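Input: a single structure, listed below in structure tokens.
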Amino acid sequence: EPQPSEEPRTIDITLTSHQCVSLIEQSIAVASCHLLGTRTTSCFVRMIEKLRYRHGRFQGYTSRLHYFVDWYNDNIKRGTLGHLGESHTFRLWKRKFQVMSKRPDRYPILKSASKRREIESIEEFLSNNPFPVIPKHEVARASDQFEHGDIIGIVTHHGGLAVTHVGLAFQAHDGTV
């Protein structure tokens, strides 16, 4: 078994506890496999790989879409997810991404200079490309356009990060989201 500072050799999927993005990934994977009529472990693992890794392929630690904005953009670009498009009032927002590279002690694999440079390059790309957000003061007005199951990222002003939590929109029996 590889040490935390070594390159992972397999996709790690934990079903006993979840972070918010892994819960979204697993929900999409289960639903997708069900809709495909392929309710197998291999279908589930392949769907997780398709969602979680750049270009839908596991190719080591830096192929993982560590930042939600990167995860979202990669999945939209490949057609894995749909974008809300013109139905919402978005504004473009830029952030300085640097949580991982500025805290390498939290990511033992970043002791490797080459892995750290790869992460810094990804962070620089994300920092230079604005992404769409619905401003906080417009969320209530826009919420009637959310549909059951829409993926929602909560944006933060916390330095080095853009999204601190991700969830699914839920439509109650009375139609409220």
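Counting from 1, the numbers follow the sequence of the chain as shown. None of the values given here were measured: they were computed from a predicted structure.
- One hydrophobic cluster holds both F58 and L15 under the rule that ILVMFWY side chains link at heavy-atom gaps under 4.5 Å.
- Side-chain contact between L168 and I151 is present, with heavy atoms from C-beta onward closer than 4.5 Å.
- Inter-residue side-chain proximity for Y53 and I11 is flagged as met; some heavy-atom pair is nearer than 4.5 Å.
- Summarising the geometry of I109 relative to K115, their closest heavy-atom pair is O-CB, 3.7 Å, with the distance given to 0.1 Å.
- The list of salt bridge (Lys or Arg N to Asp or Glu O under 4.0 Å) pairs with a residue in residues 126-138, not counting sequence neighbours, reads E138-R141.
- No continuous path of ILVMFWY side-chain contacts below 4.5 Å connects V45 to L65, so the two sit in separate hydrophobic clusters.
- Ion pairing between a basic and an acidic side chain is recognised when a charged N comes within 4.0 Å of a carboxylate O; R46 and E49 show such pairing.
- Taking a 6.0 Å sphere around NZ of K50, one finds it holds 12 or fewer heavy atoms contributed by other residues, nucleotides or ligands.
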*From CA spacing to verdict: side chain to side chain contact (heavy atoms under 4.5 Å, CB included), I154, T156*: CA-CA 7 Å; I154 308 300; T156 183; over 6 Å; no
What side-chain donor-acceptor pairs closer than 3.5 Å can you find for residues 19-30, not counting sequence neighbours?
{"from": "S22", "atom 1": "OG", "to": "Q19", "atom 2": "N", "distance (Å)": "3.0"}
{"from": "S22", "atom 1": "OG", "to": "Q19", "atom 2": "O", "distance (Å)": "2.9"}
{"from": "E25", "atom 1": "OE1", "to": "R52", "atom 2": "NE", "distance (Å)": "2.9"}
{"from": "E25", "atom 1": "OE1", "to": "R52", "atom 2": "NH2", "distance (Å)": "2.8"}
{"from": "E25", "atom 1": "OE2", "to": "W71", "atom 2": "NE1", "distance (Å)": "3.1"}
{"from": "Q26", "atom 1": "OE1", "to": "H18", "atom 2": "NE2", "distance (Å)": "2.6"}
{"from": "Q26", "atom 1": "NE2", "to": "T14", "atom 2": "O", "distance (Å)": "3.1"}
{"from": "S27", "atom 1": "OG", "to": "L23", "atom 2": "O", "distance (Å)": "2.8"}

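- Placement of L126 and V166 within a single hydrophobic cluster is found when ILVMFWY residues are connected by side-chain heavy-atom separations under 4.5 Å, directly or transitively.
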Name every donor-acceptor pair, under 3.5 Å, that has one atom in a side chain of residues 94-101 and the other anywhere in the protein, sequence neighbours excluded.
{"from": "R95", "atom 1": "NE", "to": "L161", "atom 2": "O", "distance (Å)": "3.0"}
{"from": "R95", "atom 1": "NH2", "to": "H157", "atom 2": "O", "distance (Å)": "3.2"}
{"from": "R95", "atom 1": "NH2", "to": "H158", "atom 2": "O", "distance (Å)": "2.5"}
{"from": "R95", "atom 1": "NH2", "to": "L161", "atom 2": "O", "distance (Å)": "3.1"}
{"from": "S101", "atom 1": "OG", "to": "E123", "atom 2": "OE1", "distance (Å)": "2.4"}

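- L81 and V133 fall within the same hydrophobic cluster, defined by Ile, Leu, Val, Met, Phe, Trp and Tyr side-chain heavy atoms under 4.5 Å apart, directly or through other members.
- Pairs passing the ring-ring contact (aromatic ring centres under 6.0 Å, His included) check and including a residue from residues 113-132, sequence neighbours excluded, read W93-F131.
- Pairs passing the salt bridge (Lys or Arg N to Asp or Glu O under 4.0 Å) check and including a residue from residues 162-177, sequence neighbours excluded, do not occur.
- Side-chain contact between P135 and R91: present, with at least one pair of heavy atoms (C-beta onward) separated by less than 4.5 Å.
- Minimum interatomic distance between G56 and D74 (heavy atoms only, all atoms of both residues): N-OD2, 4.2 Å.
- R54 is listed as a side-chain neighbour of I122, based on a closest heavy-atom distance under 4.5 Å.
- Criterion: ILVMFWY side-chain heavy atoms under 4.5 Å apart, direct or through other members. Under it, V69 and Y107 are part of a common hydrophobic cluster.
- Between the side chains of T40 and S42, at least one donor N or O lies within less than 3.5 Å of an accepting N or O.
- Heavy-atom minimum distance, G153 versus V163: CA-CG1, 3.9 Å.
- Applying the disulfide (SG to SG under 2.5 Å) test to residues at least two apart or on different chains, none of the pairs has a partner in residues 97-177.
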